[in-house]
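Here the structure comes first, spelled out in structure tokens, and everything after it is commentary.
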Number of protein chains: 2
Amino acid sequence: MTDVPRRQPTLDEVAERAGVSRSAASRVLNNAPHVSRDKREAVRRAIRELGYVPNTTARALATRQRGVAALVIAGETPAIFADPFYAQVIVGASAALEEADLHLMLCLAAAERSRRRLEELLRARGVDGAMFMAIRENDPVLDIARETELPVVFGGRPAGFEPSWYVDADNVGGARKATEHLLDRGRRRVGMICGPLDTQVSRERHRGYREAMILAGLEPFAPESGDFTEPSGAAAMAELLVRHPGVDGVFAANDNMAAGALRALRGAGRAVPGDVAVVGFDDLDIARITEPSLTTVHQPIQDLGHETARMLVRLIGGDEPSPLILPTRVVARSST
Amino acid sequence: MTDVPRRQPTLDEVAERAGVSRSAASRVLNNAPHVSRDKREAVRRAIRELGYVPNTTARALATRQRGVAALVIAGETPAIFADPFYAQVIVGASAALEEADLHLMLCLAAAERSRRRLEELLRARGVDGAMFMAIRENDPVLDIARETELPVVFGGRPAGFEPSWYVDADNVGGARKATEHLLDRGRRRVGMICGPLDTQVSRERHRGYREAMILAGLEPFAPESGDFTEPSGAAAMAELLVRHPGVDGVFAANDNMAAGALRALRGAGRAVPGDVAVVGFDDLDIARITEPSLTTVHQPIQDLGHETARMLVRLIGGDEPSPLILPTRVVARSST
DNA sequence: GAAAATCCTGGGAGCGCTTCCAGTCTATGG
DNA sequence: CCATAGACTGGAAGCGCTCCCAGGATTTTC
């Protein structure tokens, strides 16, 4: 650390200092064969002494590999993105990308302009591949995802389109188990608070609910729908109480809305789980801190991000992985 | 859309089709002067017909500008990052970067390996600049931030180091106002639930609390400290009740911990705000949905991200902006 | 001991774009 | 009608790295 060079040293300088050709220097950089012990050593030393770091851009241009993967979150921000759900997904994805030595480009693509930039990013080969999440039915982002020639993996299936590669949680199964859990507890008048109906995840969770009800010989309630936020859950619960005063169980499509339902029930003077039992979905932190604590369907959120990224990495590497459905399970707490 | 070219067209192909030189084509691409109307038109047409998109990497290599900014979140994931706080910050930063046509590289740099990759990313000039957040005292990430030659802006000042460029919220002022708010409500035995003491934000909020107490001629309580999570707030509140059974007001360093405090108070049979008034900090969504709803200090979180990114953009552009402190204000709700 | 196989080595041609520069062309002004 | 500033134009030199390839050195094989 004697002198601080103003410009980053280049591979040519390393080669010169080591007394070898640039090709040779490049070879040791990439751990390629055909370099004698001595030269390899000399190059390593020169690299160390010069504090050389290969220029990613130049390498990217030559190899046609960027070393970057995009994570696209299509939903309206901040509403969707503020959900801790995506924070978790990002943590998982980030870890998996790191294992493959890829960097993470985060693209929030709700606005028109954001979408145009995303499209250019993909067409300009600014990334090696992309993960798509939170896509709604007829979302223009879906077209971008379908038309790109780059490897693409979906985290959660989009509504109305079955992609070749995706990772998803077992939403139908989880919802069914949640509903069955309520039925097992002796509830018979079980309602549901649904998410936005233009998302696949809402539809699947609703389907699971219906299946369980019908299997038990019961009539499913028409779902109240919210937008995955706490207040919308409270509103939906209030409405449910009006339409079905005798309701004794509620399955909410996520924990936020379930928390809202708990609040609404408390406001209406109904005891939980005494009068009405409640089950959520996601198993976010909030499920542990509501009162009563929330029975919910656990899904491995970080894994979802992790596996989505791993799948993308494999796709980029030329493999052809298979879609993946991650298991869900009921976590019983005090609300049932 | 007649034929789908397998390879992306290059600028040479555009130039050839338009019957001009590559230089000329490049000029129209960059809206540079010295191209005749006709040729400019011809190039535009060729671009359209070929569906040409300039290769970002090649451009980056030639111009030495990546078109990418890094957002580094240093804190332990998922704990820190799962906080909706950072999701908001990202939304703001993303919007500001988009205005400057920069992409966002998200770097979670808690682990050793992540840090090494970050360091290489910066040294290899893989980004044009970086924003640093959630840095703790003696955090190794701080060294990386200080040693890079790239433009760097801090979102929130790190403990023990005053950077040249940062954007921060007025934590001291906000904490003082929060405490004064409690005092105005007639509380005299006001305690504080603090965050981790190795973060600057915790220290500043604590300082604001002390200042307000001392100014009012009252003895500040020794702070209970948590880690910004709800359970830690509940635990701290419980402890506070043991040490100071007569406590009649509490200022928590963030809303999550304040929510925990509310829960602990309810568990202890204390009425809020009747027996104990509570104020939080951040004004996250959670503050609206606790019961009672939470009086808190509002800080413009999205703006924090937005301004941090804007400052970075200016720095990259060669300006020398000044540090920025964003205002905070008390939002009175039902907990006081 | 000669031929063949194997390993090193550095030259050079890209990757796709920007930008400098020298040369050409046009429109003025005297 | 000629000199001259000024706007065009395309050739060519990079940006920093990878990788093919031909030539030379070194072994291996019979």
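Chain identifiers are assigned alphabetically (A, B, ...) following the order of the sequence lines, protein sequences preceding nucleic acid strands; residue numbering begins at 1 within each chain.
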Steps toward side chain to side chain donor-acceptor pair (under 3.5 Å) verdict (A:Arg66, B:Thr57): CA-CA 8 Å; A:Arg66 297 317 167 244; B:Thr57 310; 2.7 Å; yes
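Here A:Leu71 contributes atom CG and B:Leu106 contributes atom CG; the two are 9.0 Å apart, rounded to the nearest 0.5 Å.
Here the range on DNA chain C touched by chain B, meaning any atom under 4.0 Å from one of its heavy atoms, is C:dG16 to C:dC20.
Classification of B:Arg310 and B:Glu307 as a salt-bridged pair holds, one side-chain N sitting under 4.0 Å from a carboxylate O. A salt bridge between B:Arg115 and B:Glu112 is present, with a side-chain N of the basic residue lying under 4.0 Å from a carboxylate O of the acidic one.
Straight-line distance from the CD atom of B:Glu16 to the P atom of D:dG10: 13 Å, rounded to whole Å. The interatomic distance linking A:Glu13 (CD) with D:dC15 (C1') rounds to 13 Å, in whole Å. Distance A:Leu61 CG to D:dG16 P: 12 Å, rounded to the nearest Å.
Applying the ring pair (Phe, Tyr, Trp, His ring centres under 6.0 Å) test to B:Phe132 and every residue at least two apart in sequence or in another chain returns B:Phe154.
Checking B:Arg64 against B:Gly19, the closest nucleotide of DNA chain D that is more toward the 5' end is the one next to B:Gly19.
Screening residues 55-75 of chain B for ring pair (Phe, Tyr, Trp, His ring centres under 6.0 Å), with sequence neighbours left out, gives no hits.
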Only distances under 3.5 Å count here; give the side-chain donor-acceptor pairs of residues 31-42 of chain A to other protein atoms, sequence neighbours excluded, each with its distance to 0.1 Å.
from: A:Ser36; atom 1: OG; to: A:Lys39; atom 2: N; distance (Å): 3.4
from: A:Arg40; atom 1: NH2; to: A:Ala32; atom 2: O; distance (Å): 2.8

Donor-acceptor pairs under 3.5 Å, side chain of residues 12-24 of chain A to any protein atom, not counting sequence neighbours: which ones?
from: A:Asp12; atom 1: OD1; to: A:Arg22; atom 2: NE; distance (Å): 2.9
from: A:Glu13; atom 1: OE1; to: A:Thr10; atom 2: N; distance (Å): 3.4
from: A:Glu13; atom 1: OE2; to: A:Arg7; atom 2: NH2; distance (Å): 3.1
from: A:Arg17; atom 1: NE; to: A:Glu49; atom 2: OE1; distance (Å): 2.8
from: A:Arg17; atom 1: NH2; to: A:Glu49; atom 2: OE1; distance (Å): 3.0
from: A:Ser21; atom 1: OG; to: A:Ser23; atom 2: N; distance (Å): 3.4
from: A:Ser21; atom 1: OG; to: A:Ala24; atom 2: N; distance (Å): 3.2

Nucleic acid footprint by protein, nucleotides 17-26 of chain D - heavy-atom cut-off 4.0 Å, B for base, S for sugar-phosphate alone: BBBB------
